[in-house]
Trainee: 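The structure's right below; bear with me while I get my questions together.
Computed over heavy atoms, backbone and side chain alike; hydrogens, waters and symmetry mates excluded. Bear in mind that the values here come from a model prediction, so they are computed numbers and not experimental data.
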Amino acid sequence: MAIQKSTPAVDGVHAFTLPDVGEGLVEAELLTWYVKPGDTVADGQMICEIETAKAVVELPCPFSGTVRELLAAEGETVEVGSVIITVDDGTGGSGAAAPDTSGAARPEKAGEAEEAREKPLVGYGEKAAATQRRARRRPSPSGPVSPPVPRPAEAAPAVEAVPAPGRPLAKPPVRKLAKDLGVDLSTVAPSGKGGIVTREDVHAAVGGGSAPAPVAAETVTEAAPATDRTARERRVPIKGVRKHTAAAMVNSAFTAPHVTEFLQVDVTRTMKAVSRLRERRDFADVRVSPLLLVAKALLMAVRRHPEVNSSWDEEAQEIVVKDYVNLGIAAATERGLVVPNIKDADSQTLPELAASLKALTDTARSGKTTPADMSGGTITITNVGVFGVDAGTPIINPGEAAILAFGQIRDMPWVHKGELRIRKVTTLSLSFDHRLVDGELGSKVLRDVGTALEDPELTALAWG
C-alpha cells in the first residue's frame, strides 16, 4: 500500500495525515501505536494499526526521522485527512514557524511554552509543532462557558494538568453519550483523573446535579434495588467492520428485492468423497471440508448459468454479467462479519481451491483481511451449518446477485432406492436479487448445486 506524504515539511517537521486506505473511507479507529514520541522511524516502517470500515490495516510511515508527537489516541476515531503523527527529519532551520524543542521559551512566548509542556493528552488544544490537526466540528455550546483560569507562572508543572480551554477531556464513548443526551461537555464538571469527564458526570449533568461521590465499601449494608435500567445495560460503539456491515446489509435489503428458495439434499456421497480426498497426497497440506465441495458445486452451477453471476448497474441501467467468479466466503470474526473472496475461483483446480479457502479463513480469523480481499466479489457462500443451524434467508452481499447458505449436515431418515434409510442430509438456501434472477433461473442454479452434492464424482465427469 503506497502512502503519500500528505503535507510538505515545515522546518524539517513532517505531518502525516490519515490516508484513505479503502474506497471512499471517511474515518478509521486507531487501534495501536507501534511508536512513541522520541522513537526513530524509517521510511516504510509500520507505525500504527487502524480499523477501517472493512478491515484492520497497518500504516507505514512515508518518511524517516524522530517521532515528535502522536496526535491521536488509541481507541479514537479519526477522520481521513487529520494529522495523526509528526516526524522531525533533523533538517529544521531557524525560521519563525519552526517548533521550539529546546525547552527554553522566548520571553514573549514563555506562557505559551509553559502551556504546551503541560498538555495532559496529545491531540488537545494548540500544538507547539508547526503543523496543526484539523479541527473537529462540535455542536455550539448550549450554555455559558467559563473563561479559562490563568495558571500562576511560579507553579511547578502539575502531574494532572487542567484541560486546554475550549476542549474538555473525555473519551470517545463519553463524547458520544453527551451528544446523544444533548449535553455540552464544556459545562460539565469533570471528576475523572486528570480532569477527564466521565460517563457518570454526563448523567449527573442531565439530572441537574453533580457526579455522586464514591461510597466506601464498608458502609454499604444492603444493595439498593436497581431503579434505572441504564445501570444494567452495556453500550457498545457501532464502528469499524460492524458499522460497515450494518450499512451494507440495510442498503442491500432495501434496494434489492430478495427471494429465497430452499432445497434439502442427500449429501452422503459428498461426505464419502471428502473422506477419500483427505487421504490423497495432493490434499495433504490443506483442510478438506464439505464446504470445499459446496464451493465447487456452486462454481459448476455458475458456469452452466452465468446470469446468476452478475450485478445491477442502476446508473447505466444495465445488467453486468461477469465472465469470472470471485467467490466470497462469509467469515465470522471477533470484529464482526467479513466477506473476503477468492479471486478467479472458477479457474482453480480443486487442490488450488482448497488452498485458497484455507488461506482466506486463516487470514480472516487473524483479523488481517485487507480491503482488497473483500472487494470485487461476484457471488457468496455463507456456512451457517458450523453454528448448528439448518437453514436461513441470507442477505445478498451488495453488488452481487445471489448468496448460497449451507446448513448443518445431519443424520436423517431418507428414502434411498425405494427404502427408508438413515442418510447424511443438509439444507441449501439460495437468496437472489429478483431484478436479475427470476424464479426459473434461481431454481435451476439451486437444483444444480444440489445435484452436484448428491453425486459429486459423477457430476464432475458429466459437467467437466
Side-chain angles (χ1 to χ4, degrees), residues 248-249 251-265 267 270 290-330 339-348 350 353 356-357 360 374-385 391-407 426-456 459-460 462-464:
M249 293 299 98
N251 179 66
S252 175
F254 291 97
T255 301
H258 282 56
V259 174
T260 305
E261 294 186 339
F262 302 87
L263 179 66
Q264 278 194 316
V265 180
V267 292
T270 286
L291 178 61
L292 172 62
L293 296 189
V294 172
K296 190 63 176 178
L298 179 59
L299 291 171
M300 287 192 290
V302 169
R303 184 164 60 245
R304 288 166 57 84
H305 309 285
E307 295 83 4
V308 76
N309 189 52
S310 59
S311 62
W312 182 277
D313 189 334
E314 179 66 28
E315 183 176 352
Q317 285 295 290
E318 295 175 340
I319 295 174
V320 184
V321 181
K322 316 291 177 62
D323 292 330
Y324 58 91
V325 181
N326 291 345
L327 181 62
I329 304 294
V339 190
N341 59 79
I342 302 172
K343 302 296 191 287
D344 295 312
D346 55 318
S347 64
Q348 297 186 4
L350 195 61
L353 186 62
S356 296
L357 275 173
L360 179 147
M374 292 188 287
S375 63
T378 62
I379 195 167
T380 296
I381 295 176
T382 177
N383 185 5
V384 298
T393 55
I395 298 179
I396 303 165
N397 211 30
E400 301 177 11
I403 179 172
L404 177 71
F406 171 40
T426 190
T427 301
L428 303 174
S429 313
L430 183 71
S431 290
F432 49 88
D433 184 342
H434 218 323
R435 296 174 302 174
L436 294 156
V437 182
D438 58 22
E440 180 184 10
L441 176 58
S443 299
K444 287 181 177 179
V445 171
L446 185 57
R447 180 63 264 176
D448 279 2
V449 175
T451 299
L453 295 176
E454 287 172 345
D455 196 343
T459 304
W463 294 348

Trainee: Do L357 and L292 have side chains that get closer than 4.5 Å, going by heavy atoms?
Mentor: yes

Trainee: Would you list the atom pairs, donor with acceptor, under 3.5 Å between side chains in residues 429-436 and any protein atom, with sequence neighbours excluded?
Mentor:
residue	atom	partner	partner atom	Å
S429	OG	G392	O	3.1
S431	OG	T260	OG1	2.7
S431	OG	P394	O	2.8
D433	OD1	R435	N	3.0
D433	OD1	R435	NE	3.1
D433	OD2	R435	NE	3.1
D433	OD2	R435	NH2	2.7
H434	ND1	V437	O	3.3

Trainee: On a heavy-atom basis, which atom in N341 and which in G376 lie closest, and how many Å separate them?
Mentor: ND2-C, 4.1 Å

Trainee: In chain order, what residues pass the side chain to side chain contact (heavy atoms under 4.5 Å, CB included) check against S252, with sequence neighbours excluded?
Mentor: H258, I395, I396, P398

Trainee: Return yes if some donor-acceptor pair links the side-chain N/O of T459 with the main-chain N/O of P456 below 3.5 Å, else return no.
Mentor: no

Trainee: Where is the tightest heavy-atom contact between D346 and Y324, given as atom of each residue plus distance?
Mentor: OD2-CA, 4.0 Å

Trainee: Tell me, please, which residues at least two apart from E314 pass salt bridge (Lys or Arg N to Asp or Glu O under 4.0 Å).
Mentor: none

Trainee: Please round to the nearest 0.5 Å and tell me the distance separating atom CG of N383 and atom CG of L404.
Mentor: 10.0 Å

Trainee: Please enumerate all residues that pass side chain to side chain contact (heavy atoms under 4.5 Å, CB included) together with S356, with sequence neighbours excluded.
Mentor: I342, Q348

Trainee: Within the 3.5 Å criterion, strictly below it, is a donor on T378 or N309 matched to an acceptor on the partner's side chain?
Mentor: yes

Trainee: Mind checking salt bridge (Lys or Arg N to Asp or Glu O under 4.0 Å) for E318 and listing every partner two or more places apart, or none if nothing turns up?
Mentor: none

Trainee: Would you say that S310 contacts V320 through its side chain, given a criterion of any heavy-atom pair below 4.5 Å between the two side chains?
Mentor: no

Trainee: Does the side chain of L327 reach to within under 4.5 Å of the side chain of K343, using non-hydrogen atoms?
Mentor: no

Trainee: Looking only at atom types and distance, does a side-chain atom of D438 sit under 3.5 Å from a main-chain N or O of L441, one as donor and one as acceptor?
Mentor: yes

Trainee: Could you tell me whether a side-chain N or O of D313 sits under 3.5 Å from a main-chain N or O of A316, the two making a donor and an acceptor?
Mentor: yes

Trainee: Just verifying a value: how many Å separate I379 CD1 and I403 CD1, rounded to the nearest 0.5 Å?
Mentor: 9.0 Å

Trainee: Run through V267, V265, T426 and flag the one making a side chain to side chain contact (heavy atoms under 4.5 Å, CB included) with F406.
Mentor: T426

Trainee: Between L293 and L453, which heavy-atom pair has the shortest distance, and what is it?
Mentor: O-CD2, 3.7 Å

Trainee: Can you see which heavy atom on E261 is nearest to which on G439, and at what distance?
Mentor: OE2-O, 3.9 Å

Trainee: Could you go through I381 and V294, starting from their C-alpha distance and side-chain angles, then the distance that decides it, and tell me whether this counts as side-chain contact (heavy atoms from CB on, under 4.5 Å)?
Mentor: CA-CA 9 Å; I381 295 176; V294 172; 4.3 Å; yes

Trainee: Work out which heavy atom in A295 is nearest to a heavy atom in L353; give both atom names and the distance.
Mentor: CB-CD2, 4.2 Å

Trainee: Find the distance between OG (S311) and CD (E400) and round it off to the nearest 0.5 Å.
Mentor: 9.0 Å

Trainee: Would you tabulate the side-chain donor-acceptor contacts of residues 296-307 under 3.5 Å, counting partners in other chains and residues two or more places apart, or write 'none'?
Mentor:
residue	atom	partner	partner atom	Å
R303	NH2	G464	O	3.4
R304	NE	D448	OD2	2.8
H305	NE2	D448	OD2	2.8

